[in-house]
K.L.:
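Attaching a single structure in structure tokens format; questions to follow.
Note that ligands are numbered from 1 as they come in the structure, with each ligand's atoms numbered from 1 the same way.
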Amino acid sequence: MNRLKVITTLMKQKNLKNYLEIGVHNAHILFRIKSTFKIAIDPKFAFDTARKIGKTILNPFNLYNQYFEKTSDDFFADDASKVIGNKKIEISLIDGMHQYDYALRDIENTLKYLSDDGVIIIHDCNPQTKAASGTWDEWQSRNEEGFWNGDVWKAIVHLRSTRKDINVFVLNCDHGLGVVTKSKPENVLNLTPDEIVKMQYEAFDADRKDLINLKPVDYFYEYFSVK
Ligand SMILES: C[S@@+](CC[C@H](N)C(=O)[O-])C[C@H]1O[C@@H](n2cnc3c(N)ncnc32)[C@H](O)[C@@H]1O
């Protein structure tokens, strides 16, 4: 199971169409999505016109892509209300700057435009090492090889502590896929933002199942009643 499979399964079986992706890179996911309403945001897209044309031949829905080469904060400040208008976002992948504050803003901003039955997927919520789990500055100063997840997990803990109007869990696959729906939370935490900022990887690791509401992959099929 990975983010592409989760997104395409939900789009097909739950009839979710309008797609927003924050943090697109080479558009490995975006270019595969079949929808006539796709918004792509990244301050630096990692693809050229030739790739765009090639991917549009393979998937003509890419003709409809709306590209915003800017930060997600700038997109929400300058463009979101015009571009999304009366439409609602029905499915979103949040995979931009992998830091607590940025990821939290991306999720909260996306929630403002999300349909009642919409789903937000957040990549990189379940880091497996201390090195992978910190801020960008920490990761760079360590100069390590490998995969940086960042502290997106703190945004999940934050939402589980502060929002009583959404349900949040993390699927145990693909570096941890956060899932947010507009429904009653299964359970909540009562940590303050100050406690979350100070929380270290060791505390997260000791209690990750409860902190991020970690679920096995099968839970995805059960929760959404999909096959
Ligand atoms: C891990 S990549 C995204 C991968 C892609 N979603 C996928 O699934 O293949 C993260 C991307 O986030 C972008 N990014 C960094 N800061 C951002 C910001 N403030 N707003 C939006 N995107 C950002 C980076 O330029 C980078 O391309």
K.L.:
If you measure from atom 27 (O) of ligand 1 to every heavy atom of Asp95, Asn26, Asp42, which option wins on shortest distance?
P.N.:
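Considering heavy atoms of Asp95, Asn26, Asp42, the nearest to atom 27 (O) of ligand 1 sits in Asp42.
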K.L.:
Taking Asp174's backbone N and O only, do any of them form a donor-acceptor pair with Asn2's side chain (distance below 3.5 Å, no angle check)?
P.N.:
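Checking the backbone N and O of Asp174 against the side chain of Asn2, no donor-acceptor pair under 3.5 Å is found.
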K.L.:
Give yes if a backbone or side-chain nitrogen or oxygen of Gly23 is under 3.5 Å from a nitrogen or oxygen of ligand 1, and no if not.
P.N.:
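For ligand 1, there is an N or O atom that lies under 3.5 Å from one belonging to Gly23.
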K.L.:
Once you round to the nearest 0.5 Å, how far does CD1 of Ile166 lie from CG of Leu111?
P.N.:
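Atom-to-atom, Ile166:CD1 and Leu111:CG are 5.0 Å apart.
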K.L.:
Where do Ala103 and Val152 come nearest, in terms of heavy atoms and distance?
P.N.:
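Nearest heavy atoms, Ala103 then Val152: CB-CG1, 4.1 Å.
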K.L.:
Taking the six-membered ring of Tyr67 as reference, does the cationic atom of Lys52 (NZ for Lys, CZ for Arg) lie under 6.0 Å from its centre and within 45° of its axis?
P.N.:
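Yes, Lys52 and Tyr67 form such a contact.
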K.L.:
Is ligand 1 less than 4.0 angstrom away from at least one heavy atom of Glu21?
P.N.:
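Flag set, Glu21 near ligand 1.
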K.L.:
Considering only heavy atoms of Thr71, which atoms of ligand 1 have at least one such atom less than 4.0 Å away?
P.N.:
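So the answer, numbered in order with elements, is 19 (N), 20 (N).
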K.L.:
Among protein heavy atoms, which sits nearest to atom 15 (C) of ligand 1, and what does the distance come to when rounded to 0.1 Å?
P.N.:
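Ranking protein heavy atoms by distance from atom 15 (C) of ligand 1, first comes Met97 N, 3.9 Å.
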K.L.:
Could you check Asp79 against Lys70 for salt bridge (charged side-chain N to carboxylate O under 4.0 Å, His left out), going step by step and ending with a plain yes or no?
P.N.:
CA-CA 11 Å; Asp79 311 287; Lys70 49 171 67 183; 2.8 Å; yes
K.L.:
Distance to 0.1 Å, residue and atom name: give those for the protein heavy atom nearest to atom 23 (C) of ligand 1.
P.N.:
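Residue, atom and distance for the closest contact: Pro43 CD, 3.3 Å.
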K.L.:
Can you list the residues that meet the ring-ring contact (aromatic ring centres under 6.0 Å, His included) rule with Tyr221, with sequence neighbours excluded?
P.N.:
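Expected list: none.
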K.L.:
Please identify which atoms of ligand 1 are closer than 4.0 Å to at least one heavy atom of His25.
P.N.:
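Numbered from 1, ligand 1 contributes 2 (S), 3 (C), 4 (C), 27 (O).
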K.L.:
Of the protein's non-hydrogen atoms, which lies at the shortest distance from atom 20 (N) of ligand 1, and what is that distance?
P.N.:
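The closest one turns out to be Ser72 N, 3.0 Å.
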K.L.:
At less than 4.0 angstrom from any non-hydrogen atom of Arg3, what atoms of ligand 1 do you find?
P.N.:
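Here the atoms of ligand 1 in question are 7 (C), 8 (O), 9 (O).
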K.L.:
Hydrophobic cluster mates of Ile57, side-chain heavy atoms under 4.5 angstrom, ILVMFWY only, any path?
P.N.:
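Besides Ile57, the hydrophobic cluster comprises Ile53, listed by chain and residue number.
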K.L.:
Which ligand 1 atoms are under 4.0 Å away from a heavy-atom of Val24?
P.N.:
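Heavy-atom distances to Val24 below 4.0 Å select 5 (C).
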